[in-house]
**Q** 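Could you have a look at this structure, given as structure tokens, before my questions?
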Amino acid sequence: MKKGTVIILFVIVCAVMLQLAGCSKEEVISTTTAVPIRIVAETSISSHIVSRSQGNFSGSAGEWKEKFVGAEAYEVAIRHIFLFVYKRGGSEPVKVIFYYPRGTANPLEGIIGITDFEIKEVGTDSSSISLDLELKAGDYNFILLANCESILQKVLDTCAIPALEQMTEKTDIFTSDDLKGNNRKYLPMVGQTRFHVPESTPGGVRITIPPTIDLERVHTRIEFRLTTIDNTGGYLSPLTSESVVKKLTLRNESSGYSILPSNGEYTVTGQGNPDIKGVRYTDYLPGGISAWLPERDSFHEGSNDGATIGKYKDRLLPFTGGDSKYIYVAPALHDADKPLTLILSVATPGGTNLYEIPFYNPDLSATDKGYYDIRRNSIYRISGVLRGPHNIGFSITVTPWESETRTPSWE
């Protein structure tokens, strides 16, 4: 073993996986010199975005929080993890470890001979994951990546560790339904932190310290709720009872994203300035690939299984197969010319009307950089009030994507 101070690091999953918006620490230090000192970090949720509603309809965040669609437990599901450890200021990782759940097939079976790379099984019957690293004294950056399929594929294809800051991912198309079932999809999550290994320890004892890594989802969640009635329960327009929601889709969606936040990109965990930054996705587009996806097919299959629009009060759309859905989109840098836009198509007796709702960040002014950007790990809640043909009011509220305190599940 190399000479120098040795630190064994245990990252606690409940202090890593559940911390998707912020954290606070409680330090417990043992005074016994015969055993390692352990510092346990406990997390709590805190807000980093100041948001306010704009538009012709107002609603409180509390009206949405209790209306779940059943996918929330899957939004913290873990399939596999990569841990990258960098010496502060270094461009190459000094250690990379891949973790997968015990009892499942190793997706990197047969990958050997990569310097400073390890593959480890992790038990799924515990709420903690022991990363068990040994590092010499110095300053380090830790990057934790969960469910990042492009990195996994890159290692499989090249039998080498990719340059993390240059890694991008294609935009996938999915709703909350796709997070369930046997062939489910998994939300990628990324976090990084600085960590200092001291030069020496009292009495030369071994120290155990768990670094806290704030993890955030790369994607954002869209919740669109439609209201068609007034406070008395009557339709806001008599034509609504004869109308049908024909389509709910998105326009100007980014075709991909950088796995790590790029320079200046909003990020809950990096405070807008992470130590190790990703590339701007649009600067590294493969040949022939557009920065924008074509307009999606409709997320929505009619209303009430194709019937006319019902008497809705904050009805979550899209609605397919008897259930309401969340929509997940990738982060992106947008401007006034190409904002991400939600398009609602309603067929009335007089013809079909399209209602276009651009996304923006209401805590900023329209002249601010980032006003139209889609932020990581956030929830965009849009409340639409359909008062009649050519008449829709809407409000947008943007909040951090806070997670309930629950143990993440290995899948």
**Q** Would a distance-only check, ignoring hydrogens and angles, find a side-chain to backbone donor-acceptor pair under 3.5 Å from Ser241 to Leu239?
**A** no
**Q** Which pairs count as salt bridge (Lys or Arg N to Asp or Glu O under 4.0 Å) when at least one residue sits in residues 341-358, sequence neighbours excluded?
**A**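 Sorted pair list: Arg251-Glu356.
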**Q** Quick one: does Thr171's side chain have a donor or acceptor within less than 3.5 Å of a partner on Ser254's backbone?
**A** yes
**Q** Is there a side-chain contact between Leu179 and Tyr186 in this structure, where contact means two heavy atoms from C-beta onward sitting under 4.5 Å apart?
**A**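 A side-chain contact is absent here, since even the closest heavy-atom pair is not under 4.5 Å.
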**Q** So do Pro362 and Val398 actually touch side chain to side chain, heavy atoms under 4.5 Å?
**A** yes
**Q** Indicate yes or no: at least one non-hydrogen side-chain atom of Ile327 is less than 4.5 angstrom from one of Arg221.
**A**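 The answer is no, as the side chains (C-beta and beyond) never meet within the 4.5 Å cut-off.
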**Q** Report yes or no: does Asp368 contribute a side-chain atom to a donor-acceptor pair with the main-chain N or O of Ser365 at less than 3.5 Å?
**A** yes
**Q** Please list all pairs meeting salt bridge (Lys or Arg N to Asp or Glu O under 4.0 Å) that have one or both residues in residues 229-241, counting only residues at least two apart or in different chains.
**A**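 Residue pairs with at least one partner in residues 229-241: there are none.
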**Q** Are any of the side-chain heavy atoms of Arg381 and Phe224 separated by less than 4.5 Å?
**A**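 Answer no - side chains too far apart.
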**Q** Identify the two heavy atoms, one from Ser258 and one from Gly278, that lie closest to each other, and give their separation to 0.1 Å.
**A** OG-CA, 3.5 Å
**Q** Has Thr227 got a side-chain atom pairing as donor or acceptor with Lys313's backbone, closer than 3.5 angstrom?
**A**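 No: the side chain of Thr227 does not pair with the backbone of Lys313.
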**Q** Taking atom OG of Ser243 and atom CG of Leu386, what is their separation to the nearest 0.5 Å?
**A** 7.0 Å
**Q** Using 4.0 Å as the upper bound for N to carboxylate O, is an ion pair formed by Arg184 and Asp177?
**A**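 Judged by the 4.0 Å cut-off on N to carboxylate O distance, Asp177 and Arg184 do not form a salt bridge.
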**Q** Residues in side-chain contact (heavy atoms from CB on, under 4.5 Å) with Lys170, at least two apart?
**A** none
**Q** Between OG1 of Thr168 and CD1 of Ile259, what distance do you get to the nearest 0.5 Å?
**A** 7.0 Å
**Q** Going by heavy atoms in the side chains, are Tyr100 and Pro107 under 4.5 Å from each other?
**A** yes
**Q** Please check: side-chain N/O of Asp178 versus main-chain N/O of Thr175, any donor-acceptor pairing under 3.5 Å?
**A**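 Yes, because the side chain of Asp178 sits within donor-acceptor range (under 3.5 Å) of the backbone of Thr175.
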**Q** Going by ring pair (Phe, Tyr, Trp, His ring centres under 6.0 Å), name the residues that satisfy it together with Phe174, two or more places apart in sequence or in a different chain.
**A**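 Scan of Phe174 (ring pair (Phe, Tyr, Trp, His ring centres under 6.0 Å), adjacent residues dropped) gives His219, Tyr328.
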**Q** Taking the side chain as every heavy atom from C-beta outward, state whether Thr348 and Asn353 have any pair of such atoms under 4.5 Å apart.
**A** yes
**Q** With sequence neighbours left out, what residues match Thr282 under side-chain contact (heavy atoms from CB on, under 4.5 Å)?
**A**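 Thr282: side-chain contact (heavy atoms from CB on, under 4.5 Å) contacts with Arg280, Ala291.
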**Q** Please report the closest heavy-atom contact between Leu248 and Pro318, naming both atoms and the distance.
**A** CD2-N, 3.6 Å
**Q** Name all pairs fulfilling the side-chain hydrogen bond (donor to acceptor under 3.5 Å, both in side chains) condition that reach into residues 142-152, sequence neighbours left out, sorted by first residue then second.
**A**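 Passing the test, one end in residues 142-152: His80-Glu149, Ser150-Glu169.
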**Q** Measure the OG1-CZ distance between Thr399 and Arg375 for me, rounded to the nearest 0.5 Å.
**A**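 Thr399 OG1 to Arg375 CZ: 10.5 Å, rounded to 0.5 Å.
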**Q** Check this for me, if you would: do Glu265 and Lys277 make a salt bridge, where the nitrogen-to-carboxylate-oxygen distance has to be below 4.0 angstrom?
**A**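 Here Glu265 does not pair with Lys277 in a salt bridge, since their nearest N and O are not under 4.0 Å apart.
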**Q** Which residues pass the salt bridge (charged side-chain N to carboxylate O under 4.0 Å, His left out) test with Glu121, not counting sequence neighbours?
**A**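 With neighbours one apart ignored, the set is Arg102.
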**Q** Working to the nearest 0.5 Å, report the span between CD1 of Ile396 and CD1 of Ile357.
**A**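 It is 7.5 Å, given to the nearest 0.5 Å.
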**Q** Could you pull out the closest heavy-atom pair between Asn141 and Gly89, with the gap in Å?
**A** OD1-N, 4.5 Å
**Q** Suppose we screen for ring pair (Phe, Tyr, Trp, His ring centres under 6.0 Å). Which residues come up paired with Phe359, at least two apart in sequence or across chains?
**A**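 Scan of Phe359 (ring pair (Phe, Tyr, Trp, His ring centres under 6.0 Å), adjacent residues dropped) gives Tyr380.
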**Q** Go through the structure and list residues passing salt bridge (charged side-chain N to carboxylate O under 4.0 Å, His left out) with Lys185, not counting sequence neighbours.
**A**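 For Lys185 the salt bridge (charged side-chain N to carboxylate O under 4.0 Å, His left out) partners, ignoring immediate neighbours, are Asp172.
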**Q** Give the intermediate values and the outcome of side-chain contact (heavy atoms from CB on, under 4.5 Å) for residues Leu145 and Phe84.
**A** CA-CA 8 Å; Leu145 306 106; Phe84 282 68; 3.5 Å; yes
**Q** With a 4.5 Å limit on heavy-atom distance, are the side chains of Ile81 and Leu144 in contact?
**A** yes
**Q** Can the ring centres of Tyr257 and Tyr281 be said to be less than 6.0 Å apart?
**A** no
**Q** For Thr249, what residues pass the side-chain contact (heavy atoms from CB on, under 4.5 Å) criterion, not counting sequence neighbours?
**A**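 Only Lys247, Glu295, Arg296, Ile343 meet the side-chain contact (heavy atoms from CB on, under 4.5 Å) criterion with Thr249.
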**Q** According to the ring pair (Phe, Tyr, Trp, His ring centres under 6.0 Å) rule, which pairs have a member within residues 332-357, sequence neighbours left out?
**A**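 Output for this query lists Trp292-His334.
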**Q** Roughly how far apart are Thr220 OG1 and Ile374 CD1, rounded to 0.5 Å?
**A** 6.5 Å
**Q** Tell me the closest heavy-atom pair linking Leu187 and Arg217, and the distance in Å.
**A** CD1-CD, 4.0 Å
**Q** Would you say Ser176's side chain and Lys325's backbone share a donor-acceptor pair under 3.5 angstrom?
**A**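 Not a single qualifying donor-acceptor pair exists.
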**Q** In Å, rounded to the nearest 0.5 Å, how long is the span from CG of Asp335 to OH of Tyr372?
**A**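 Output value for this atom pair is 9.0 Å.
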**Q** Do you know which two heavy atoms are closest between Gln166 and Val279, and how far apart they sit?
**A**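 Heavy atoms only, the tightest pair is CA-CG1, 4.0 Å.
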**Q** Less than 6.0 angstrom from the centroid, inside 45 degrees of the normal: does Lys87 satisfy that with respect to the ring of Tyr140?
**A**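 Checked: cation-pi criterion met.
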**Q** Kindly give the heavy-atom pair with the smallest separation between Ala77 and Met189, and that separation in Å.
**A**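 Scanning both residues completely, I find the closest heavy atoms to be O-CE, 3.8 Å.
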**Q** Do Leu236 and Thr228 have side chains that approach each other closer than 4.5 Å (heavy atoms only, starting at C-beta)?
**A** no
**Q** Tell me, which pairs form a ring pair (Phe, Tyr, Trp, His ring centres under 6.0 Å) where one or both residues lie in residues 154-173, sequence neighbours left out?
**A**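 Counting only pairs at least two positions apart or across chains, no ring pair (Phe, Tyr, Trp, His ring centres under 6.0 Å) contact touches residues 154-173.
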**Q** Is a side-chain donor or acceptor of Asn361 paired with a backbone partner of Gly370 at a separation under 3.5 angstrom?
**A**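 Present.
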